[in-house]
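The residues of the chain are indexed from 1 along the displayed sequence. Order of appearance sets the numbers: ligands from 1, and atoms from 1 within every ligand. Since we're looking at a predicted model, the values are computed, not measured.
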Amino acid sequence: MSKKVGKPPPQAAAREEGREELFASCSFADLGLHPTLCTHLQDKMGFQSPTRIQAEAIPVAMSGQHMLVKAATGTGKTLAYLAPIVHLLQMREPRVDRIHGTFALVLVPTRELCLQVYGIAQQLVHRFHWIVPGYVMGGENRAKEKARLRKGISILIATPGRLLDHLQHTASFVYSNLRWIVFDEADSILELGFGKAVEDILEHLGSRNGAPDQSKNKGGHIQRQNLLLSATLNEKVNRLAKISLKNPMMIGLDDQKKPSGKSNMLGNSHTSLLSDDDEDRILESQNDILEHAVDDFKLPAQLVQRYVKVSCGSRLAVLLTILKSLFERQISQKVVIFFSTCDSVDFHHTVLSQLEWSSGPQLDVDKKQKFLSCKVFRLHGNMEQDDRKKSFLGFGSEKSAILVSTDIAARGLDFPKVKYIVQYDSPGEASEYVHRVGRTARIGEKGEALLFLQPIELDYLKDLQSHGVSLTEYPFQKVLDSFPVNGQKPHKRKMISLDMHPWIMSLQRSLEGFVAAEDATKKLARDAFCSWVRAYTAHRGELKKIFMVKKLHLGHVARSFGLKEQPSLVGRSHQVQLKKRKKEQKREGSFAKRRKLPSKK
Ligand SMILES: Nc1ncnc2c1ncn2[C@@H]1O[C@H](COP(=O)(O)OP(=O)(O)OP(=O)(O)O)[C@@H](O)[C@H]1O
């Protein structure tokens with residue numbers, strides 16, 4: 001009997017379409033990469049063909065031109081710069097040796113990304129043992145790093161602060177052969193306040209535009225090549241591009257905004273032959289293109305993006321409910337949840353990993369079990385370096401787990417099999433939204449993202465929309481109705497408000513009991529509450545009009561941290577500040593009113 005040949009199901013067809021969009025039709029060999037490297041990419045790393053962005057960027061990187069790349073998260077930007085570097089280093093004559101020092105420098109914004117890029121570099125040089133990758137980053141032992149630098153590191157991955165430290169204080173650090181400087185997540189490096197460090201680094205390396213010897217290194221014969229990459233670009237990248245790139249090739253910019261996927265300002269002109277006027281013109285048009293590049297963001301096509309509208313007091317109960325439903329639906333789940341502060345991560349890590357609960361009709365202590373049974377990891381910048389490493393590696397290797405994190409995990413991290421991103425606290429800038437959700441749906445995989453919003457914050461959707469990001473509403477009521485109340489699943493429920501829903505109310509009671517039971521937990525909750533309110537006030541620019549502290553009911557905020565107390569009992573200094581602000585507002589208000597009064601004259 002012949003098999004029925006039909007159309008593939010729509011989801012599979014969409015995925016296939018997504019793959020076609022993601023991958024180029026050529027091979028790695030077609031791009032000119034060394035056969036040994038191509039075989040390694042295919043056989044050992046499982047990369048059958050290059051992604052489109054790799055197919056565009058690799059030949060440019062090999063040509064020696066400066067390059068600025070903007071491409072969606074999870075499209076393989078790391079390989080787009082590391083593969084050509086390894087290719088060119090392995091064919092260098094005389095052969096690369098440790099005594100030659102550093103040839104390529106990769107700057108990254110976070111320690112975790114530093115470790116990740118180092119791991120990929122290690123894999124890529126597997127067949128070229130004479131090329132040595134290494135890293136230096138904050139939190140590591142300086143003396144050990146000095147010793148490694150003295151021995152020689154061919155491809156050095158670094159966070160900016162620590163690199164500058166070594167440039168200033170490690171005399172044995174040889175970089176006279178430096179050929180490449182890569183800024184991975186360029187905008188984030190600047191956003192995190194490393195701008196001055198980066199300028200000092202470029203100054204040290206003689207790689208700053210306008211520096212007398214900027215195109216050559218101290219040895220006087222090596223052509224420098226700088227590469228900037230990110231899924232999002234911002235105004236600050238303009239300045240970095242201006243001071244570090246000469247007539248760069250622009251890759252991945254919106255096709256409608258320029259003649260082709262690739263462009264440079266004046267074709268392949270050799271910058272050394274340009275007059276000052278030409279250079280000014282180049283910089284101007286470079287700035288124009290960058291300004292367009294800032295406008296909107298590309299997200300993976302297969303990513304499902306939703307928001308859930310939740311009143312403030314029930315936020316934590318709703319988060320727990322959604323997580324429970326996710327893990328019940330599929331035992332093997334990997335979820336990343338973003339919070340606004342380190343204290344908030346610590347508190348929620350405790351709740352998610354320790355909250356116990358009895359699902360029976362009465363609170364039966366003997367029948368209590370963990371509310372969520374999966375492993376929960378945490379990651380933030382105030383953790384000890386060893387704990388940070390353990391979390392990063394631990395979550396990466398788990399099949400089923402939750403990671404609670406600040407934005408430290410938002411950039412570049414490539415945790416395998418993450419299917420779900422929850423933004424419990426709003427990211428603020430739309431670019432941060434893009435990077436957070438980019439931890440899923442990588443390299444054509446499926447992925448979902450959920451953004452928590454309070455009813456008063458819904459205008460944030462418009463802000464995202466203005467950057468080309470649109471979300472649909474998550475059907476939370478349906479999820480809620482699937483949970484039993486008092487041990488039973490009622491047939492039909494009346495429409496009641498979320499806060500009054502028996503499941504939410506009972507979960508809230510458990511939470512408040514859990515927080516109140518231990519002083520340490522209570523303190524975690526209070527600290528988290530205070531830091532959360534502070535972070536809420538720190539939204540910038542237009543977002544200040546959406547995330548307004550004065551619209552918040554602080555009692556409800558406290559509830560969302562499992563606190564029964566009113567905020568007046570939480571954090572005295574914070575309370576004093578609030579009172580002061582209220583007074584000021586009152587004064588300002590009466591002044592404004594007074595000004596509105598018609599003059600008696
Ligand atoms: N040609 C390829 N074929 C298959 N998988 C690939 C290929 N290139 C890279 N990958 C894989 O794709 C994933 C994403 O790559 P990478 O982390 O470099 O993306 P990215 O574009 O830098 O993302 P982000 O913007 O989030 O930093 C990694 O797991 C990587 O191993």
Side-chain angles (χ1 to χ4, degrees), residues 15 18-31 33 37-58 61 67-86 106-110 112-124 157 182-189 227-234 237 251-252 297-300 302-303 334 336 338 392 396-397 407-418 421 431-447 449:
R15 249 204 328 279
R19 276 190 66 80
E20 267 171 33
E21 221 177 82
L22 184 67
F23 288 99
S25 50
C26 61
S27 68
F28 283 110
D30 294 336
L31 301 178
L33 292 173
L37 185 55
C38 295
T39 313
H40 187 75
L41 285 170
Q42 279 177 359
D43 299 350
K44 297 285 183 238
M45 296 177 78
F47 300 170
Q48 297 313 313
S49 49
T51 61
R52 277 176 186 271
I53 207 69
Q54 289 164 355
E56 278 193 60
I58 288 174
M67 180 169 88
L68 188 131
V69 179
K70 182 192 178 198
T73 50
T75 50
K77 291 187 284 299
T78 319
L79 195 73
Y81 64 80
L82 278 183
I85 289 176
V86 171
V106 180
L107 281 167
V108 292
T110 65
E112 285 71 22
L113 190 54
C114 193
L115 289 175
Q116 183 177 296
V117 174
Y118 167 67
I120 299 164
Q122 267 186 320
Q123 291 183 53
L124 288 175
I157 299 102
V182 181
F183 296 91
D184 196 348
E185 307 289 345
D187 54 331
S188 171
I189 292 178
L227 317 170
L228 259 72
L229 305 98
S230 182
T232 55
L233 299 172
N234 64 20
V237 178
I251 295 180
F297 306 120
K298 261 199 187 129
L299 287 128
Q302 72 285 10
L303 173 69
K334 265 172 103 169
V336 180
F338 286 101
F392 169 66
S397 61
D407 272 333
I408 212 163
R411 288 291 185 140
L413 298 192
D414 184 52
F415 295 115
K417 306 276 171 227
V418 170
I421 303 296
S431 57
E432 274 330 292
Y433 174 94
V434 170
H435 287 280
R436 283 174 167 194
V437 298
R439 297 318 99 210
T440 187
R442 297 175 73 72
I443 211 85
E445 294 273 324
K446 282 198 279 184

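Interface atoms of ligand 1 facing R439, defined by a heavy-atom separation under 4.0 Å, are 26 (O). Proximity to T75 (heavy-atom distance under 4.0 Å) selects the following atoms of ligand 1: 19 (O), 20 (P), 21 (O). Within the listing of ligand 1, atoms 1 (N) sit less than 4.0 angstrom from a heavy atom of F28.
The two residues P50 and C26 have their closest heavy-atom pair at CD-O, 3.2 Å. Closest non-hydrogen pair, E432 versus A410, comes out as OE1-CB, 4.1 Å.
Residue, atom and distance of the protein heavy atom nearest to atom 19 (O) of ligand 1 are G76 N, 3.2 Å. When hydrogens are left out, the protein atom nearest atom 12 (O) of ligand 1 is I443 CD1, 3.3 Å; that is the closest non-hydrogen contact. The single protein non-hydrogen atom nearest to atom 27 (O) of ligand 1 is E185 OE2, 3.0 Å, given as residue, atom name and distance. At the shortest separation from atom 1 (N) of ligand 1 among protein heavy atoms lies S49 O, 2.9 Å. Atom 23 (O) of ligand 1 has as its closest protein heavy atom G74 N, 2.8 Å. The protein heavy atom nearest to atom 17 (O) of ligand 1 is R442 NH2, 2.9 Å. Atom 8 (N) of ligand 1 has its closest protein heavy atom at Q54 NE2, 2.8 Å.
One option in F23, F415, F47 has a heavy atom closer to atom 10 (N) of ligand 1 than any other, and that option is F47. Nearest to atom 25 (O) of ligand 1 by heavy atom, out of K70, K77, M45, Q42, is K77. For atom 28 (C) of ligand 1, the nearest non-hydrogen atom from the set L413, L22, L82, D414 comes from D414.
Of all the heavy atoms of A72, the ones lying under 4.0 Å from any atom of ligand 1 belong exclusively to the backbone.
Ligand 1 has an N or O atom lying under 3.5 Å from an N or O atom of T78, backbone or side chain.
Partner of H435 under the side chain to side chain donor-acceptor pair (under 3.5 Å) criterion, chosen from D407, T232, T73: T232. Among L115, I408, L113, T110, the single residue meeting the side-chain contact (heavy atoms from CB on, under 4.5 Å) criterion with F392 is L115.
Heavy atoms of A71 come nearer than 4.0 angstrom to ligand 1 in no pair at all.
Applying the side-chain hydrogen bond (donor to acceptor under 3.5 Å, both in side chains) rule to Q42 yields no partners; only residues at least two apart in sequence or on another chain are considered.
If you take CD1 on I120 and CE on M45, they are separated by 6.5 Å, rounding to the nearest 0.5 Å.
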